[in-house]
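Report on the structure given below.
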2 protein chains.
Amino acid sequence: MKKVLLKEIASIAGVVPSTVSCVLNGKAKERRISDDLAQKIKEIAEGVGYIPNQVAVSLRTGYSRILGLIVEDISNIFFATLAKVLEDEVQKHGYRVVYCSTENDKQKGTELLNMLYHRQVDGYIIAPALGMEESIKSLLKQHKPVVLVDRFFPGVGTTNVLVDNYGSTRKAIGFLLRQGYKRIAFVTTNRQMVQMQEREKAYKDELADSLSAVDEHIVLNIDYFNLYPAGREIITAFLLQNEGVDAVFFATNYLGMYGLQSLKTLGWKIPDRIAVVCFDDNDIFKLYSPGITCIRQPIHEIATAAAKRIIGQIESDRQPENEQVLIEGELVIRGSA
Amino acid sequence: MKKVLLKEIASIAGVVPSTVSCVLNGKAKERRISDDLAQKIKEIAEGVGYIPNQVAVSLRTGYSRILGLIVEDISNIFFATLAKVLEDEVQKHGYRVVYCSTENDKQKGTELLNMLYHRQVDGYIIAPALGMEESIKSLLKQHKPVVLVDRFFPGVGTTNVLVDNYGSTRKAIGFLLRQGYKRIAFVTTNRQMVQMQEREKAYKDELADSLSAVDEHIVLNIDYFNLYPAGREIITAFLLQNEGVDAVFFATNYLGMYGLQSLKTLGWKIPDRIAVVCFDDNDIFKLYSPGITCIRQPIHEIATAAAKRIIGQIESDRQPENEQVLIEGELVIRGSA
DNA sequence: CTGAAAGCGCTTACAG
DNA sequence: CTGAAAGCGCTTACAG
């Protein structure tokens, strides 16, 4: 663990530093260095536990083998799990990940991007906050490897990896309809985000296409900043106002968590009297409300797909393609259904 | 956002790069550069959005303004929150944080430490996995700034910041005793870790010092690798075997979460029939089990204290002191108690 | 006041 | 086969 330099191992081996560098970077053949010597150098390096100074390597080569991950909030279970899986995944290819939280703040997101840029990260994986569109465009313009996850900007030609919000929501609403529920409410938040719009559109489309559904949209939108701590009361009030509602779709897992509290307050039995469906980021409902039905976001698949794309871009030196990777959400049906 | 170099802004200003560097690093006075010129240079730099290449700065100065944070599992709510608060805190001083997960694997922990070391981080904040003792000692030997959080190695003279496990647990057990509970069970895991030992010792000491308590230790230890998914069944079986138990202390929040499920399965009403106390990392129980009593770990305070210590060490170039910072756990009493 | 030079630790094209 | 040199983008001691 003591810091040992390239030139030190060169002097031990009795060669010049460049020879050591070439051997250690697999260019022994090119330099036509004898196998014996190469072997000897490797053993010495191994013996003293030589690790190149990554800062120097970065400066010289322009590559850092670091990826930047920008998410909304690293303490959110969805992003934390995403980060972890991603980290494991890219490590197989010798990459490291540095994480940053935007807190959904455009300003902070842009600063973080700048910071990563000047630390010469090799690629960017971003769950963009609203308003980061311009920064991401300029990244693209410079042919930097970039993959968006969880959300995206419709007009920007990035590679995007996300759960199939539209299809999954249609599946879930369809399931509720087949169960015989007729007045299905939809509770959402952050309506300006594209992934939320997809979910809401799917709800409306599925109702429109159904013969049995009541032709009416029962939608509650809660502003993000009202979610805590008032979310529960808002949902309760909404359900009291809409007494005929017999099923609820919560468009995020946080809404589901608050909603569940409301429903219990109101004396609804789950899953006996009512069906509740929501997005579940990480099986969180299995633990707390075993009966609830939800759409599971396969975080592992999302992270793996994102890792594959970003590394592909870096190693092939391709520029980002306008590719949509939709990961199917899994409808997990629990309880009496 | 385009990359602009020091020498470019020098040529715009009509001076030599070193002049620009000095101005931007606040050494204009030392060099006796005229205020006018300094001002002009600053404006140009500002205008073109100059940000120094951090990699080059690091290589040259030996400082990266990056701190390494090594935790057990970044997707655990405790560590995720810790990371976030820490990040905000050190940012005020111009530092960034890179996070790494050890997964409680000695090997991985040591590798991560090596990696950070060779990326020249300025300081280390570590929630050490078992077996990282030697690596941490060698960090100390090299006078690297290091602060341990959440746990520590008794023999090693690091600065440690953690919740007062012993005192908090005594408070909680004392509370149960005053409520009139007599046969209090203690459910734990990872018994070899020092913070868990403190909690268990406090349980035993508090019972020993009490006149009303039954002089008997009802302790269940669940191996870490048995926790999921068998934890619930193990706790249920344990409680069925110990029918006289009228209160339970769960020594971690995960145990509490599993335990709650068990208790509900067994038909225990919380908080009416029984008191349950456990460590709560982030008010998680407030959402799911409003009635439960718990010890809240003030993550914010822990993170703030750790940030202050590590930055203090770096900036003063002091070597780590053997300082224990115990943050008091807050007993949050809810429900009918 | 200002410029030229060395050097952080590497990698790689070039010359022998 | 091997060595000497340049250069990545900065900072800072040194000489004028």
Side-chain angles (χ1 to χ4, degrees), chain A residues 2-41 44-45 48-66 94 114-115 117-122, chain B residues 2-41 44-45 48-66 94 114-115 117-122:
Chain A
K2 178 136 162 297
K3 204 165 264 180
V4 32
L5 303 182
L6 187 67
K7 65 178 176 191
E8 288 166 19
I9 93 154
S11 88
I12 297 172
V15 297
V16 80
S18 35
T19 306
V20 177
S21 174
C22 288
V23 169
L24 263 27
N25 288 302
K27 314 215 165 175
K29 289 276 171 280
E30 280 175 43
R31 290 206 99 193
R32 276 165 297 183
I33 290 160
S34 72
D35 288 353
D36 280 0
L37 180 55
Q39 189 55 32
K40 180 181 159 196
I41 290 172
I44 293 172
V48 299
Y50 173 70
I51 302 178
N53 179 320
Q54 293 305 319
V55 176
V57 174
S58 274
L59 182 60
R60 177 59 231 236
T61 64
Y63 292 97
S64 60
R65 298 200 84 81
I66 294 181
N114 251 297
M115 187 276 295
Y117 185 79
H118 287 274
R119 291 209 188 269
Q120 300 193 172
V121 302
D122 293 346
Chain B
K2 178 138 166 294
K3 204 165 264 178
V4 32
L5 303 181
L6 187 67
K7 64 177 174 190
E8 288 167 18
I9 94 153
S11 86
I12 295 173
V15 298
V16 80
S18 33
T19 306
V20 178
S21 175
C22 288
V23 169
L24 265 25
N25 289 302
K27 314 216 164 172
K29 290 273 170 282
E30 281 175 43
R31 289 206 99 191
R32 277 165 297 185
I33 290 162
S34 73
D35 287 353
D36 281 359
L37 182 55
Q39 190 55 33
K40 179 181 160 198
I41 289 172
I44 293 172
V48 299
Y50 173 71
I51 303 177
N53 179 320
Q54 293 306 318
V55 175
V57 174
S58 273
L59 181 61
R60 178 58 232 236
T61 64
Y63 292 98
S64 60
R65 298 198 86 80
I66 294 181
N114 252 297
M115 187 274 296
Y117 186 78
H118 287 272
R119 293 210 185 267
Q120 300 194 170
V121 302
D122 294 346

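We use all heavy atoms of the structure for the numbers below, so side chains are in, but hydrogens, waters and symmetry mates are not. Proteins get letters first, then strands, A, B, ... in listed order; numbering begins at 1 in each.
Each of D:dG9, C:dC10, C:dT11 was ranked by its minimum atom distance to the side chain of A:Asn53; first place goes to C:dC10. Comparing C:dT12, C:dC10, D:dT2 by their closest approach to the side chain of A:Cys22 singles out C:dT12. Here the side chain of B:Val16 is nearest to one of C:dC10, C:dA4, D:dC8, namely C:dA4. Candidate nucleotides C:dT2, C:dA6, D:dT2 were compared by shortest atom distance to the side chain of B:Arg60, and C:dA6 ranks first. Listed nucleotides: C:dC10, D:dT12, C:dC8. Nearest to the side chain of B:Leu59: C:dC8. Nearest to the side chain of A:Ser21, among C:dT11, D:dC1, C:dC10, sits C:dT11. When the nucleotides C:dC10, D:dA4, D:dT11 are ranked by their closest atom to the side chain of A:Pro52, C:dC10 comes out on top. The listed nucleotides are D:dC10, C:dG9, C:dT2; the one nearest the side chain of B:Ala56 is D:dC10.
By the 4.5 Å heavy-atom criterion applied to side chains, A:Tyr50 and A:Val20 are not counted as neighbours.
Ionic pairing of A:Lys40 and A:Asp35 is not present here: no N-O contact between side-chain nitrogen and carboxylate oxygen is shorter than 4.0 angstrom.
Taking atom CG of A:Leu6 as the reference point, atom C1' of D:dC8 lies 16 Å away to the nearest angstrom. Rounding to whole angstrom units, NZ of residue B:Lys7 and C1' of C:dA4 are separated by 15 Å.
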